Amino acid sequence: MKKKIVTILMTAAIGTSLLAGQTVMAADTETAKADDTGDSKETEEEKTIGKKPETDKDAEGVFSLKFKNLTGKVITEVTVKNEKDEKYPDNFLEKDDKFAADEERTLWFDPNADTEDAAETADDKDTEEASEPEVQKYDMQITFEDGTTATLHTLPFGDTEEAELHLEGEVAYIVFDSKDLKKSVNTKETEQALAPK
């Protein structure tokens, strides 16, 4: 009888230790998976052009547009301005950062950023009589690694979330799905017409 009780207790003890061991191994595996997922999220962090707002409140009034670089060239500078402003602000890409061919990045643009031209435009608005709000248009200038530049006119902020950036000769253009028009838009002909001769 004592042998049976001892055997039963030993079997129960072995079973419990095996079960505890499996539980610990399963927990370690889950922790490892969670660590792997966390690491991959950090390495796959979305690259940006310009500074991404840190909070939703900071994002109010800030435009964003995801671009895929299908120009076949490396872009070293990107900058955006109101079409009425004379000068483009500083490069939105960090120093030594390059927007590679076939890469996707989200452009962040704050039209209310403190620039001299923005301040002058605001002063001009204060002196004018109140009228219907004017639709603002923004142009983007890109500089390629070979030193050539191209300008994109009237970026579709608010009309799309994603756009493909293309280049034909010296003319850059975008292709995007317009929410307003409910169709695909290709700006090639418009950009060719606006390109300096």
Side-chain angles (χ1 to χ4, degrees), residues 34-119 121-122 135-168 170-180 184-188 190-191:
D35 289 346
D36 288 346
T37 306
D39 289 345
S40 65
K41 280 183 183 173
E42 287 176 20
T43 56
E44 291 177 13
E45 186 176 317
E46 180 182 32
K47 288 191 170 186
T48 62
I49 301 169
K51 188 170 185 206
K52 180 179 181 180
E54 293 179 13
T55 65
D56 289 343
K57 187 175 181 182
D58 294 339
E60 288 178 21
V62 177
F63 297 121
S64 69
L65 188 57
K66 182 181 270 187
F67 282 100
K68 183 163 187 179
N69 181 1
L70 298 178
T71 63
K73 290 184 171 187
V74 175
I75 297 171
T76 57
E77 291 185 29
V78 177
T79 185
V80 179
K81 72 171 184 69
N82 186 312
E83 69 173 357
K84 292 180 179 179
D85 295 340
E86 288 183 28
K87 292 190 242 171
Y88 283 93
D90 292 336
N91 187 5
F92 285 15
L93 290 173
E94 296 292 324
K95 187 178 180 186
D96 299 325
D97 187 15
K98 296 179 180 179
F99 185 14
D102 298 321
E103 185 181 12
E104 284 189 3
R105 290 196 182 201
T106 301
L107 167 73
W108 292 93
F109 171 63
D110 183 356
N112 301 313
D114 293 332
T115 63
E116 291 175 24
D117 289 335
T121 305
V135 175
Q136 300 298 315
K137 296 178 183 175
Y138 301 96
D139 297 341
M140 180 169 82
Q141 184 178 66
I142 53 177
T143 303
F144 298 102
E145 199 169 34
D146 62 8
T148 57
T149 61
T151 302
L152 295 158
H153 299 85
T154 314
L155 292 175
F157 290 127
D159 189 25
T160 189
E161 293 175 5
E162 297 182 3
E164 294 177 349
L165 182 57
H166 296 267
L167 182 70
E168 185 172 301
E170 296 178 5
V171 177
Y173 62 95
I174 56 174
V175 176
F176 64 95
D177 291 328
S178 168
K179 292 178 189 174
D180 294 340
S184 180
V185 174
N186 183 327
T187 66
K188 183 172 153 183
T190 303
E191 295 296 352

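Model, not experiment: these values are computed from the prediction.
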TODO: Using a strict 4.0 Å threshold on nitrogen-to-oxygen distance, state whether Arg105 and Glu103 make a salt bridge.
DONE: yes
TODO: Answer yes when Lys188 and Glu168 have at least one side-chain N-carboxylate O distance shorter than 4.0 Å, and no when they do not.
DONE: yes
Open item on the list: Between Asp102 and Leu70, does the side chain to side chain contact (heavy atoms under 4.5 Å, CB included) criterion hold? Intermediate values first, please.
Closed with: CA-CA 5 Å; Asp102 298 321; Leu70 298 178; 3.6 Å; yes
- [ ] Keeping to residues at least two apart or across chains, list the salt bridge (Lys or Arg N to Asp or Glu O under 4.0 Å) pairs with something in residues 139-155.
- [x] Lys73-Asp146, Lys98-Glu145
TODO: Please list all pairs passing the salt bridge (Lys or Arg N to Asp or Glu O under 4.0 Å) test where one or both residues lie in residues 152-165, with sequence neighbours left out.
DONE: Glu161-Lys179
[X] versus [Y], closest heavy-atom pair with distance:
{"X": "Gly61", "Y": "Pro111", "value": "O-CD, 3.2 Å"}
{"X": "Thr160", "Y": "Asp177", "value": "OG1-O, 3.1 Å"}
{"X": "Ile75", "Y": "Leu93", "value": "O-CD1, 3.8 Å"}

TODO: Go through the steps for Phe176 and Thr187 under the test side chain to side chain contact (heavy atoms under 4.5 Å, CB included), then give the verdict.
DONE: CA-CA 9 Å; Phe176 64 95; Thr187 66; 4.1 Å; yes
Open item on the list: Using a 3.5 Å distance criterion without hydrogens, assess whether the side chain of Asn69 forms a donor-acceptor pair with backbone atoms of Phe99.
Closed with: yes
Open item on the list: Donor-acceptor pair, distance only, cut-off 3.5 Å: does the side chain of Asp110 make one with the backbone of Asn112?
Closed with: yes
Open item on the list: For a quick check under 3.5 Å, do Asp180 and Ser178 share a side-chain donor-acceptor pair by atom type?
Closed with: no
TODO: For His153 and Glu83, test the side chains for any donor-to-acceptor distance below 3.5 angstrom and give the result as yes or no.
DONE: no
- [ ] Name the orientation class of the two ring planes belonging to Phe109 and Tyr138 (parallel below 30°, tilted from 30 to 60°, perpendicular beyond 60°).
- [x] perpendicular
- [ ] Determine whether more than 12 heavy atoms belonging to other residues, nucleotides or ligands lie under 6.0 Å from atom CG of Asp56.
- [x] no
Task: Test ring-ring contact (aromatic ring centres under 6.0 Å, His included) applied to His166 - qualifying residues, sequence neighbours left out - done: Tyr173
